[in-house]
Amino acid sequence: MLELLRGIGEEVVGSGKDGCIYIDDAVRRMEALSEEAPGSVSLIYMDPPYGTGKRFEVRQKVGAREWKSGRGSLVLPAYDDKLPRDEYLSMMRSVLTSSKKLLSSDGLLFIHVDYRMHAHVRLLADEIFGESSFLNEIVWAYETGGRSKKVFARKHDIILLYASSEDYDLHTDDVAEVPEGGRRNHMARRVDEDGRTYRQIVSGGKLYRYYDDEPVPPSDVWSDISHLQQRDPQRSGFDTQKPYRLLDRIVRCASREGDTVLDPFFGSATTLEAAFAAGRKFIGIDINPLCAVLAERRLKDAQYRLFCPEGEGAPELDALAAPGITDTGVYLNAFEPCDDELKQAAPSGYDGIDNWAAGRLENGVFLAEGREIRSKNTPELTGEVRVPLPGGGLVVRVSDILGRRFFYRLQN
Ligand SMILES: C[S@@+](CC[C@H](N)C(=O)[O-])C[C@H]1O[C@@H](n2cnc3c(N)ncnc32)[C@H](O)[C@@H]1O
């Protein structure tokens with residue numbers, strides 16, 4: 001049994017150079033960030049609650065067996081989307097006001113909503129950003145789900161696009177794609193001397209030629225990105241997860257390598273993963289600590305800072321460190337859940353662990369030097385990580401499957 005440590009709210013993975021994750025209220029954290037670093041963010045994408053009146057869930061996988069089968073059995077609350085409209089709009093007013101301060105002069109803001117709050121949020125954002133800063137209403141159309149007979153089936157979301165100023169930097173060419181089935185079908189199809197098919201049109205005395213194999217930037221209707229299917233391999237278990245391709249498109253056309261991309265409601269961390277993969281820095285905020293666990297899994301190769309309050313309760317941990325010639329092995333021997341909820345969900349102690357790390361404390365910050373994270377490719381925890389020598393002063397951090405983090409000082 002090791003000493004449980006309290007008051008560690010920050011963890012750094014590697015140098016922390018790739019981004020920051022905050023488990024916090026978006027209103028509070030956005031306000032703080034906009035005071036600390038105004039004008040420092042190039043792209044903000046937000047996918048807030050939509051005012052659905054529903055409760056959303058996360059399906060967690062418990063233990064190696066469920067990771068192997070790909071099916072999670074533990075259903076946990078993701079978020080309650082039940083704010084009364086005035087409270088919802090007051091939250092959005094605050095987050096949008098901070099967004100305006102945080103964006104650089106060439107920055108862009110994407111607000112993802114649906115038919116419920118779209119009109120309200122549009123008016124609010126017009127007021128805060130100015131009507132002339134409104135660039136697009138993107139319709140993301142998809143075909144998943146059933147068909148209602150009482151109304152026309154609702155098969156699209158709205159993504160509002162605003163610019164920070166006239167100097168905004170949107171490069172739609174970077175996300176141009178060759179359209180399926182060619183382009184401009186109403187024009188006569190011709191074949192040139194090299195065998196390439198094209199359409200052409202004369203307008204204002206000028207001849208325009210469009211080749212079928214040439215990439216075209218998207219219009220404001222995005223129907224080429226499907227919603228996640230039931231058994232989609234991308235699924236993280238988070239109810240309102242958005243497809244990676246959607247965020248990849250937004251990140252690549254609205255920011256450049258090295259820029260900072262921020263998502264104040266990051267959920268399952270789709271934006272953070274897309275930003276990291278495209279060489280952008282990321283900032284993610286979410287109020288639910290479980291989202292940190294999802295983000296860590298999707299950002300396994302990233303170096304970042306994570307700010308997350310530790311969990312309540314005191315599970316028992318047994319671990320030891322064995323210094324070797326080139327590094328130190330840290331071995332996790334036992335983990336005893338501190339409450340019935342976890343005991344019921346994961347009767348075998350190890351199954352209650354989502355991921356764990358060993359490292360050192362520096363000025364109250366935990367430096368994670370060795371980590372094990374369960375994922376599809378690594379369903380089992382070996383219970384061993386390697387950290388650099390020397391072996392003294394080590395701390396172990398365990399995150400359980402409920403998203404709670406606990407820190408322990410290793411006494412040998
Ligand atoms: C629609 S989901 C985001 C889904 C995300 N785009 C994805 O791909 O997984 C909305 C998120 O907002 C978070 N949230 C709700 N209220 C919040 C608040 N006041 N501060 C921070 N996050 C909040 C919820 O926990 C939830 O994860």
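These numbers come from the heavy atoms of this one structure, side chains and all, not from hydrogens, waters or symmetry mates. In listed order, ligands and their atoms are each counted from 1. Computed from a predicted model, the values in this text were never measured in an experiment.
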Output yes when E31 and K101 qualify as a salt bridge under the 4.0 Å nitrogen-oxygen rule, no when they do not.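 No, this pair does not count.
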Close N/O pairs between ligand 1 and protein, under 3.5 Å:
{"unit_1": "ligand 1", "atom_1": "6 (N)", "unit_2": "D47", "atom_2": "OD2", "d": "2.7"}
{"unit_1": "ligand 1", "atom_1": "8 (O)", "unit_2": "K242", "atom_2": "N", "d": "2.9"}
{"unit_1": "ligand 1", "atom_1": "8 (O)", "unit_2": "T270", "atom_2": "OG1", "d": "2.7"}
{"unit_1": "ligand 1", "atom_1": "9 (O)", "unit_2": "S268", "atom_2": "N", "d": "2.9"}
{"unit_1": "ligand 1", "atom_1": "9 (O)", "unit_2": "S268", "atom_2": "OG", "d": "2.6"}
{"unit_1": "ligand 1", "atom_1": "19 (N)", "unit_2": "D25", "atom_2": "OD1", "d": "2.7"}
{"unit_1": "ligand 1", "atom_1": "20 (N)", "unit_2": "D25", "atom_2": "OD1", "d": "3.4"}
{"unit_1": "ligand 1", "atom_1": "20 (N)", "unit_2": "A26", "atom_2": "N", "d": "2.8"}
{"unit_1": "ligand 1", "atom_1": "22 (N)", "unit_2": "I287", "atom_2": "N", "d": "3.2"}
{"unit_1": "ligand 1", "atom_1": "25 (O)", "unit_2": "D286", "atom_2": "OD1", "d": "2.7"}
{"unit_1": "ligand 1", "atom_1": "27 (O)", "unit_2": "D286", "atom_2": "OD1", "d": "3.4"}
{"unit_1": "ligand 1", "atom_1": "27 (O)", "unit_2": "D286", "atom_2": "OD2", "d": "2.7"}

All pairs passing ring-ring contact (aromatic ring centres under 6.0 Å, His included) where residues 283-313 contributes a residue, at least two apart: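 Sorted pair list: Y22-F307.
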Minimum heavy-atom separation for P264 to Y45, with atom names?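 Reported closest heavy-atom pair: CD-O, 3.4 Å.
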Donor on one side chain, acceptor on other, D126 and Y162, under 3.5 Å: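 Yes, side-chain donor-acceptor contact under 3.5 Å.
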Quick one: side chain to side chain contact (heavy atoms under 4.5 Å, CB included) partners of R28, sequence neighbours excluded?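 Result, side chain to side chain contact (heavy atoms under 4.5 Å, CB included) vs R28: D24, D25.
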Residue pairs, two or more places apart or on separate chains, that pass salt bridge (Lys or Arg N to Asp or Glu O under 4.0 Å) and touch residues 77-88: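 For residues 77-88, and leaving out neighbouring residues, the salt bridge (Lys or Arg N to Asp or Glu O under 4.0 Å) pairs sorted by first residue read R55-D80.
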